[in-house]
J.: 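Mind having a look at this structure? Questions to follow.
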Amino acid sequence: MSAGELLAVVRAAGGLGLADDAGCWAVPAAGPAEALAALARLEEERSPRWVWWSAQEVLAPLAEADPGSAGGSAPRGLRPARAWDLAAVHRLLEGGADDGPAAVRAAAAGLDPAGAPAPGQLDLVGAAPGATEYGHDGDGDGPLRPDGHLRPEWVDGGWADSPARAARWAQVVLETARMQEHRLQDPQARADAPAAGSAAGAGGGGALQTAWSESAASVLAVELAAGGPPLDLEEASGVVERLVGPRPRDEAEAARQRAARDAPVLAALGHRAATSGGGGAHAGGAPDLRSPVQVRQALADVGLDLPDTRSWRLERLAAEPGAHPVLGALVAWRQAERFAVAHGHRWLEETVRGGRLRAAWSASDGGAGRMTASAGVHSLPRELRSAVRAEPGHLLVRADLGQVEPRVLAVVSEDPALARAAEEDDLYSPVAARLGVPRDVAKIAVLAAMYGQTSGAAGATLAAMERAYPVATAFLVDAARRGAAGEDVRTAGGRRIRVPPVEEVPVEAGDAALDRARSQRAARGRYARNAVVQGSAAELFKAWAATVRARLLRSGEGEVVLCLHDELLLSVRAEAAPDVADAVVTDLAAASSRWCRAVSRRPVRFTADVAVVERWSQAKA
DNA sequence: GACTCTACGTA
DNA sequence: CGTACGTAGAGTCA
């Protein structure tokens, strides 16, 4: 077996099931530590491409069990160099939310997903001994039903719970990967929604590359969950105290603090503050500031009739001469309240453990397949970023992709003029020259084209955009057209973006129904138009992140601690930081040119700002 | 308890 | 009548 050959693995109570092209076998292991040792040995000796239902399922328990993990917060457990994640590839091929084994197998085998066993469903017919239609199956309790679907008893886990059975389950895992591989390279299998780029749509190596990097991102997501951004708890607590006050010792004190925060706003509204004592939010008829309805009414009572109470509206009014004092007070209250509720003391207690921000990470979420994180890690307020701080002996390397979405648009649309603009460090300056408008107008026009914005200043420049970059514009218009018709689209790497079907409206329907249908179609169009760019950008980002991860894995110099759509944050040993910073740029060049070759005919330049910092908040060098 | 609405932080 | 995400509280329905 040479490096990179597929090796399927399944965990079971008494050990592991493994399968490669030569067959399947069981490896008994008394506990997770023994299982980890066995897998680590295989990684060392064979350097395979690991195949699993999901990285999460296999890797997360091993990380927990790693005996070398005591004290350290670096990634633990098995650190695979290569993976094939059936769930990740399934999401790529099919879209949708269900990426469990039953759905994955059904799609890979080209079976009707409706026939797949639902979770918890007993397959009485298939499992019944002597059932005639399955009588030819000499393996009545095997992993597969004669119709090709998985047997529900195996899906639920109970029946694969010995090393020997796990080995047979691993055989199924391997076979499913081969099926996915075939489908990835078969244009017929993906005729439902043509790919954005040319190469991926035509099959070939491009699709495999995407499957590999999406699988690597899946591994990275598990490692981010076990690691994550280092947070200086004392410093973070200081920031929170400064912004929302000291940590309350009990609920009564918390209520007093809330009342104290409310008081200035209520006073400006002409109300006496509610007396403390939790629950009595409406004392003296004062409005509940946390209720948008009551706030709007209260503002109306002082002569401010507003359509809603959004902060940007309040801020604009507050800035006017002679503005009502409640406006400024309310804006300040909103900021403090928001911070207290979303990133306050309770948040610190719940999400910081062992000096790291602990979150659940998903490698491909939402419509477009971006990485997501829970616990508000992706919406960490700027004020807290100074507390994301390198651990002793380490430094942070932060790297941002520059203008990634218009560059990605150049790739997926294969627009030669936009690709030429991407040669510049600042893509928008040649675009501005070509459009004959100032740079900031050009930037708005490009973004508006990608987001489907038609109103305001951007709308006026759209026509110029269309003349200057007809290929890119036509690409976006076509994606929007498909979306508006309720048809699926695909990203550059071939990710299927499911577009919900549009509602049919009978001709005799009233104006209101027709308006609703029109706005629904427009919304679907904007969604699809944006998703092909945003989703393709997510793929490029993950290819880059996977390349960086692989380098850090080989060198042992550090780890990825945060992925934020177009930004990477690494924790690396201090002495290695300058070299790693250089390497991240090299890795982008390698990953982006590989990605461009895989998904299109046109190379496009990508850039990154990289800096070595102690704190995340520090400016790029 | 599950759901929608409003709101707001990030990209 | 610019996209995506996660989160929280108020309010509604069952």
Side-chain angles (χ1 to χ4, degrees), chain A residues 229 243 258 281-282 287-297 306-315 330-331 333-344 346-347 350-351 359-362 364-385 388 400-405 408-409 443-459 461-462 476 479-480 483-484 489 491 497 499 515-516 518-538 541 562-569 616:
Chain A
L243 291 174
R258 277 197 299 273
H282 304 277
D288 181 354
L289 298 179
R290 291 152 194 84
S291 163
V293 175
Q294 292 184 38
V295 169
R296 189 170 166 227
Q297 182 59 53
L306 307 179
D308 61 59
T309 69
R310 301 191 106 92
S311 285
W312 64 266
R313 195 184 299 282
L314 301 179
E315 273 169 40
L330 194 51
V331 168
W333 179 89
R334 278 265 175 84
Q335 276 171 356
E337 182 69 10
R338 164 81 191 170
F339 199 99
V341 166
H343 292 97
R346 192 180 70 186
W347 175 82
E350 287 172 356
T351 51
W361 289 77
S362 156
S364 66
D365 220 340
R370 276 182 161 188
M371 294 185 81
T372 57
S374 70
V377 168
H378 274 181
S379 51
L380 203 72
R382 306 216 164 270
E383 296 91 325
L384 272 172
R385 294 193 174 192
V388 174
D400 292 72
L401 294 177
Q403 304 163 341
V404 61
E405 293 198 336
V408 163
L409 176 60
K443 179 176 175 176
I444 290 170
V446 171
L447 294 175
M450 286 188 295
Y451 293 161
Q453 186 182 353
T454 53
S455 63
T461 322
L462 275 179
L476 292 167
V489 291
T491 61
I497 311 286
V499 177
D515 276 354
R516 209 158 0 104
R518 193 178 308 114
S519 87
Q520 185 193 57
R521 283 195 300 275
R524 300 269 197 280
R526 287 193 304 276
Y527 171 73
R529 173 195 287 255
N530 179 251
V532 291
V533 177
Q534 190 190 98
S536 300
F541 176 82
L562 179 78
C563 294
L564 188 45
H565 307 319
D566 65 355
E567 178 173 0
L568 271 176
L569 195 66
W616 189 18

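Letters A, B, ... are given to chains in the order of the sequence lines, protein chains preceding strands, and every chain is numbered from 1.
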J.: Can you find a side chain N or O atom of A:Arg382 that sits less than 4.0 Å from OP1 or OP2 on B:dT10?
T.: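 So the side chain of A:Arg382 is within the cut-off, an N or O lying under 4.0 Å from OP1 or OP2 of B:dT10.
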
J.: How far does CG of A:Asp566 sit from CD of A:Gln403, to the nearest 0.5 angstrom?
T.: 11.0 Å

J.: In the structure I gave you, are the side-chain heavy atoms of A:Val377 and A:Leu562 within less than 4.5 Å of one another anywhere?
T.: yes

J.: How close or far is atom P of C:dA10 from atom CG of A:Asp288, stated in whole angstroms?
T.: 6 Å

J.: Between A:Ile497 (CD1) and C:dT3 (C1'), how many Å, whole number?
T.: 12 Å

J.: Would you say that A:Pro381 contacts A:Phe339 through its side chain, given a criterion of any heavy-atom pair below 4.5 Å between the two side chains?
T.: yes

J.: Check every strand shown and say whether A:Arg313 touches a base, only sugar-phosphate, or nothing at a heavy-atom separation below 4.0 Å.
T.: nothing

J.: For DNA chain C, which consecutive runs of 3 or more Watson-Crick or G-U pairs (each distance under 3.5 Å) count as stems?
T.: B:1-11 with C:3-13

J.: Any heavy-atom pair between the side chains of A:Phe541 and A:Val404 that's under 4.5 Å?
T.: no

J.: Applying salt bridge (charged side-chain N to carboxylate O under 4.0 Å, His left out), can you list everything that pairs with A:Arg290, at least two apart in sequence or on another chain?
T.: A:Asp262, A:Asp288, A:Glu337

J.: In whole angstrom, give me the gap between the P atoms of B:dC5 and C:dC1.
T.: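 About 14 Å, rounded to a whole number of Å.
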
J.: Counting heavy atoms from C-beta on, name the nucleotide in B:dA11, C:dA8, C:dA4 closest to the side chain of A:Arg346.
T.: C:dA8

J.: Starting at the 5' end of DNA chain C and moving along, which residue's nearest nucleotide shows up first, A:Val341 or A:Arg526?
T.: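 With A:Val341 and A:Arg526 compared, the 5'-side residue is A:Arg526.
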
J.: Grab the CZ-P distance between A:Arg290 and C:dG11 for me, whole Å please.
T.: 12 Å

J.: Who pairs with A:Arg296 by side-chain hydrogen bond (donor to acceptor under 3.5 Å, both in side chains), at least two apart in sequence or on another chain?
T.: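 side-chain hydrogen bond (donor to acceptor under 3.5 Å, both in side chains) list for A:Arg296, sorted by chain: empty.
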
J.: Listed in order of residue number, which residues of residues 370-380 of chain A have a non-hydrogen atom at under 4.0 Å from DNA chain B?
T.: A:Arg370, A:His378, A:Ser379, A:Leu380

J.: Side chains of A:Leu306 and A:Leu314: closer than 4.5 Å at any heavy-atom pair?
T.: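 Side-chain contact under 4.5 Å: yes.
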
J.: For A:Thr309, enumerate each residue passing the side-chain hydrogen bond (donor to acceptor under 3.5 Å, both in side chains) test, keeping only those at least two apart in sequence or located in another chain.
T.: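 Partners of A:Thr309 under the side-chain hydrogen bond (donor to acceptor under 3.5 Å, both in side chains) test: A:Arg334.
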
J.: Let me have the donor-acceptor pairs involving side chains of residues 520-527 of chain A, under 3.5 Å, with sequence neighbours excluded, atom names and distances please.
T.:
| from | atom 1 | to | atom 2 | distance (Å) |
| --- | --- | --- | --- | --- |
| A:Gln520 | OE1 | A:Glu503 | N | 3.0 |
| A:Gln520 | NE2 | A:Glu503 | OE2 | 3.2 |
| A:Arg524 | NE | A:Pro500 | O | 2.9 |
| A:Arg524 | NH2 | A:Pro501 | O | 3.4 |

J.: At what distance, to the nearest 0.5 angstrom, does CG of A:Leu289 lie from CD of A:Gln294?
T.: 9.0 Å

J.: Roughly, in whole Å, what's the span from CG in A:Leu289 to C1' in C:dA8?
T.: 16 Å

J.: Could you check which residues of residues 445-454 of chain A get a heavy atom under 4.0 Å from DNA chain B? Sort them by number, please.
T.: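 Result for residues 445-454 of chain A: none.
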
J.: Who are the side-chain hydrogen bond (donor to acceptor under 3.5 Å, both in side chains) partners of A:Arg313, not counting sequence neighbours?
T.: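 Per chain and number, A:Arg313 pairs via side-chain hydrogen bond (donor to acceptor under 3.5 Å, both in side chains) with A:Asp308.
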
J.: Show every side-chain hydrogen bond (donor to acceptor under 3.5 Å, both in side chains) that has at least one partner inside residues 368-384 of chain A, sequence neighbours left out.
T.: A:Asp365-A:Thr372

J.: Check A:Ala445 against A:Leu462 and note the closest heavy-atom contact, atom names and distance.
T.: O-CD2, 4.1 Å

J.: Within this structure, what is the CD-to-P distance between A:Gln294 and C:dA10, rounded to whole angstrom?
T.: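 Atom CD in A:Gln294 sits about 9 Å away from atom P in C:dA10.
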
J.: For A:Trp347, enumerate each residue passing the ring-ring contact (aromatic ring centres under 6.0 Å, His included) test, keeping only those at least two apart in sequence or located in another chain.
T.: A:His343

J.: Rounded to whole Å, how long is the line connecting atom CD of A:Glu337 with atom P of C:dG9?
T.: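 Value for this atom pair: 9 Å.
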
J.: If the condition is side-chain hydrogen bond (donor to acceptor under 3.5 Å, both in side chains), which residues does A:Arg385 pass it with, not counting sequence neighbours?
T.: none

J.: Quickly work out the A:Trp361 CH2 to B:dA11 P distance and round it to whole Å.
T.: 13 Å

J.: Of the nucleotides C:dA10, B:dA11, C:dG6, which one has an atom closest to the side chain of A:Arg385?
T.: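 Selected nucleotide (nearest to the side chain): B:dA11.
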
J.: Show me the protein contacts with nucleotides 2-8 of chain B, counting only N or O atoms at under 3.5 Å.
T.:
| from | atom 1 | to | atom 2 | distance (Å) |
| --- | --- | --- | --- | --- |
| B:dA7 | OP1 | A:Thr309 | N | 3.1 |
| B:dA7 | OP1 | A:Thr309 | OG1 | 2.7 |
| B:dA7 | OP2 | A:Arg310 | NH1 | 3.2 |
| B:dC8 | OP1 | A:Ser311 | N | 3.4 |
| B:dC8 | OP1 | A:Ser311 | OG | 2.1 |
| B:dC8 | OP1 | A:Arg334 | NH1 | 2.9 |
| B:dC8 | OP2 | A:Ser311 | N | 3.0 |
| B:dC8 | O2 | A:Arg338 | NH1 | 3.1 |
| B:dC8 | O2 | A:Arg338 | NH2 | 3.0 |

J.: Could you tell me whether A:Phe339 contacts a base, only the sugar-phosphate backbone, or nothing, with contacts defined as non-hydrogen atoms closer than 4.0 Å?
T.: nothing

J.: Rounded to whole angstrom units, what separation is found between the CG atom of A:Asp566 and the C1' atom of C:dC5?
T.: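 Nearest whole value for this atom pair: 14 Å.
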
